[in-house]
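The structure under discussion appears below in the form of C-alpha cells.
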Number of protein chains: 4
Amino acid sequence: MVTTVESGDRAKQERRRQILTAAKAVFAEAGYHGASINAIIERAQIARGTFYLYFESKSAVFDSILDQAMTELRARIHRIEVDDPSAPAPQVQLRQQVLSTLEYFMGDRALATLLLTSGSTPEAEASERLEAFFAEIRSLIARAMTTGMEIGLIRKCQPALVAAAMLGMIRGVIEHLIAQGPQPPVDDTVTEMITIALRGVLK
Amino acid sequence: MVTTVESGDRAKQERRRQILTAAKAVFAEAGYHGASINAIIERAQIARGTFYLYFESKSAVFDSILDQAMTELRARIHRIEVDDPSAPAPQVQLRQQVLSTLEYFMGDRALATLLLTSGSTPEAEASERLEAFFAEIRSLIARAMTTGMEIGLIRKCQPALVAAAMLGMIRGVIEHLIAQGPQPPVDDTVTEMITIALRGVLK
Amino acid sequence: MVTTVESGDRAKQERRRQILTAAKAVFAEAGYHGASINAIIERAQIARGTFYLYFESKSAVFDSILDQAMTELRARIHRIEVDDPSAPAPQVQLRQQVLSTLEYFMGDRALATLLLTSGSTPEAEASERLEAFFAEIRSLIARAMTTGMEIGLIRKCQPALVAAAMLGMIRGVIEHLIAQGPQPPVDDTVTEMITIALRGVLK
Amino acid sequence: MVTTVESGDRAKQERRRQILTAAKAVFAEAGYHGASINAIIERAQIARGTFYLYFESKSAVFDSILDQAMTELRARIHRIEVDDPSAPAPQVQLRQQVLSTLEYFMGDRALATLLLTSGSTPEAEASERLEAFFAEIRSLIARAMTTGMEIGLIRKCQPALVAAAMLGMIRGVIEHLIAQGPQPPVDDTVTEMITIALRGVLK
DNA sequence: CATGAATGAGTCTTCATTCAT
DNA sequence: CATGAATGAAGACTCATTCAT
C-alpha cells in the first residue's frame, strides 16, 4: 500500500516534470503570450484537462518555472567574502559563481532563453519577481564594487552603472553561448569574461 | 490640384506617423502580443478601419517600427576607420558612435524598450531582422577586435565572445538609463562605458 | 449625416433588441446555466463576436433582461390608495394592477417563464435583485393586509403568511396561463383570482 | 456467507443514501447545473469513481432524488373521500394531508428547495416527471373542486384555474416557511392556509 | 469494491481583420 | 478617405465521465 502510494506520488512528480519541461520549451520558443496551452499539451503528450490537474493556469506554470530557476540561481550566487581568511581568494569565489551559473544555463537552454527574454511579460506575476531578481543581482555587483573600491582593489567608478553593464555583459555572453549550439568549453569562456570585466580589452 | 495631392500626401504621412507613435508606445508597454489594435487606435485617436488603411496588419506596424529604428541606428554605427589619416582617432570615433546611439535611445524611450525586449516575439518577421541586426553589430565589434589585435592595440582575445559581451553591456546600460527616469548626463556614462570596455574595473 | 447616425443608432438598438429577444427565449427554455452563448447567437442569427459587441457577458444579458422586466412590473404595481377620495375604490385599483401585470406576462411568455424560474440561479447578480423584488411585492401585500385589517376590511390574519400565499397564487396562475397556450380571456381570470383571494372557494 | 452478502447490501444501501444526501444538499444550494460532481463527492467523502459505482450519471442522482420525493409525497396526498361515511369529514382529511405534506418538507429543507426550484432544469428527465407530478396534484385539486361544486360545498368556479392557484399558494407558503429558518408551528400555518383557500381574506 | 488520474467535449471570451456605408 | 459594426478563429479553462490499478 505504502509502495503504491509512493509510486503514485513519484508518478505524479514525473508528470509534473514532463509538463514543466514541455511548457519551458514552448515559453522559450514563443514567449508567454505566444505560448498556447494547446502547444504545451501537445508537446507534453497529455490531454487538456490533465494540464489543469497539475497547474492552476497558464501563468501558474510560468511562475513555477521562473520561481524554480530563481531559486536555483540564488543557490549559486552570493556575496563575495573578503574578510574571512579561511575563504578562497575573491577572484576564486567570483570565478566559481560565474562558472556555476553558466553551467546551469548551459544545462537547460530553454530555461536560459526564458530567463533572458521574460523581463517583459506582464500578466504573470513572476515576471515582476524576475525583474526584482535582476535588481538583486545588480545590487550585489554594485556592493562588490563599492567594497572593492574601499579596499583599493577596484578603481574609482559608478557602482550602479558598472553593475548594469556587468549584468548586461553576462546576459550577452549567455545568449552567445546558447546561440552557439552544443557544449562549448565553458571554462575558457569564464576566464575571458572575467578578464574583460577586470582588465578590459586593451593591450 | 497638385497642391491638394501633395498636402494630401503630407497629411497621409502625418497620419502614418501618428499611428506609428501610438503603436510604439503600446508595444513598449505591453509587448507584441499584449498590444491590441484596440489600444493602438485608441491612443492614435482613429477608427478601427483607418488603421488598416495605413498598415496591412498588426505585425506590419511592428515591423515598420523596428525597421525604422534599425535604419536610424545603422546611420549612427559604422566600421571604425583606422587607416585613413584624415579620420579622427579610433577612440574618438568609438566615443562618437556610442554617444550618438545612446542619445538616440534616450530621445525615444518607448523605442529603446522595444528594441531591448523584442528579441523574443516570433510572428513578426522583423524580429528576425532585429536579431540579424544585432548579429551585424556583433560582427562589427568582432572585426574591430580583430583589427585591433592586428595593429597591436587590443590584447589577444576571442573576438566573437568579446563582441557578445560588449553588446550585452551596451544593452544593460541602456536598460539602466531608461529605468533611471529623465535625462542623466549621457556624456559621463559614455566615458564610463568605454573605460570599462577598454580597461575593466581593476585599479 | 445626422440621418445616417440616427439610423445607425436605431439599427444598434434594433440589434440589441434582437439579441435580447433571442436570449430571453433561450434562458426561458434552458435556464441560466443551461443557456449557452452558442444557442443565443444561433437564435439571434449573429456571429459570436457580435454578441459581445452589445453585451459584456452572458450574465450581463441576463441581468439586463431581468432588470427591464422588473422595471416594467414596478410601473404596474403600487401601494393601493385607501385614503385619497379621488382615487378609485381599492378593489378597482387591485383589479387594475393584477390585470395589467397578467397582461404584461401574457404578452411575453418567455419573459414570464424566466421571471418564474430564475429565483434560483446564483452567479448572475440580478437573480438576487429578483428575489429582492419578490420580497418587495410580498411586503406590499403584507402592508395592504395590515391596512385592511385596521380599516376593518380584512379579517384577522398573519400578513406575512398571507402575502407569501398570495404571491404564490399569482405565480401559480401565471404558470397556468402560460401553459394553456395562446390568448385566454385574461379578464375573467383576474376576476376569479381576486374572488379566490378575497372570498375563497367555499359556497 | 449469506450474512456477509446481506451486510454488504446493507452497506451498499448506506453508501447510496450517503451520496443521495450529499447530492440533495448540493443540488439545493447550487441548482442542477451549478452542482458539480466534485462538490457532491467532497460532501459525501467518497472518491470520484465511487460515485459512478452507485449512480450512472449526474442526472441519475438528480432523478433518483426527485423520484423518491415524489413517492413520499404521493403517500401523503390522496383523493378526498366524500362518499364513505366511515371516513373523516372532508375538511379533516384536507387538513391531514396539508399538514403531513408541510411536515415532510420542513423535515428536509434541501429537498423542499429542490422540489420548488427544479421545475426549470431540462436535461434531467425527472424534471418532466416533476412537472407531471404537479399536474397530477393540480388535477386532484381540480377534481375535488368539481366534486365540491356537485355536492354544493364549493361555489361555482373554474376548477383548473383554482387548482393552479391553490398549488401556487402551497408552494408560496412552503418557500416562506423555508426562508423563515427553524421550526415554526406548522399547525397554525396549516389553519391559516386552509382558511385563506376556503374563505379568503375578507372580513 | 474503491480509487483518483486522465480525458476531451464544450464553455465563455478576446481580438485581428473585413467591408458596407 | 474614414468609419465602426460584424465576423469567426482561437484561446483559456471546466467538468462529467472513464478506466487501469
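Side chains included, hydrogens not; waters and symmetry mates left out as well; all remaining heavy atoms used. Protein chains get the first letters and strands the later ones, always in sequence-line order, with residue 1 at the start of each. Since we're looking at a predicted model, the values are computed, not measured.
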Can you check whether any acceptor in the base of F/dT17 is under 3.5 Å from a donor in the side chain of D/Arg48, or vice versa?
-> yes
Would you mind classifying the nucleic acid contact of B/Ala39 as base, sugar-phosphate or nothing, using non-hydrogen atoms under 4.0 angstrom?
-> nothing
Exceeds 12 heavy-atom contacts within 6.0 angstrom, atom CD of B/Glu128 | no
Row check, A/Phe62 ring normal vs A/Lys24 NZ/CZ: under 6.0 Å, within 45° = no
For D/Ala60, which contact category applies under a 4.0 Å heavy-atom criterion: base, sugar-phosphate, or nothing?
-> nothing
Tell me which of B/Arg15 and D/Tyr32 sits closer to the 5' end of DNA chain F, going by the nucleotide each one is nearest to.
-> B/Arg15
State the pairing partner of E/dC1; accept Watson-Crick or G-U wobble contacts with both distances under 3.5 Å, and report none otherwise.
-> none
Partner of E/dC12 by Watson-Crick or G-U wobble geometry, both contacts under 3.5 Å, or none?
-> F/dG11
Inspect the surroundings of CD in D/Glu72 and state if more than 12 heavy atoms from other residues, nucleotides or ligands are less than 6.0 Å away.
-> yes
In terms of side-chain heavy atoms of B/Tyr52, which of F/dT3, E/dT17, E/dT7 is nearest?
-> E/dT17
Determine the contact category for A/Tyr54: base if any of its heavy atoms lies under 4.0 Å from a base atom, sugar-phosphate if only primed atoms, P, OP1 or OP2 are that close, otherwise nothing.
-> sugar-phosphate
Of all the nucleotides listed (F/dC13, E/dA16, E/dA6), which has the minimum atom distance to the side chain of B/Lys58?
-> E/dA16
Salt bridge present between A/Arg48 and A/Glu42 (N-O < 4.0 angstrom) = no
Rounded to the nearest angstrom, tell me the gap between atom CD in D/Gln45 and atom C1' in E/dG4.
-> 15 Å
Base, sugar-phosphate alone, or nothing: which one does B/Ser36 contact when heavy atoms must sit under 4.0 Å apart?
-> sugar-phosphate
Measure the distance from CD on C/Glu42 to C1' on F/dG8 and round it to the nearest whole Å.
-> 14 Å
Touch class at under 4.0 angstrom, heavy-atom based, for A/Leu53 against every strand present | base
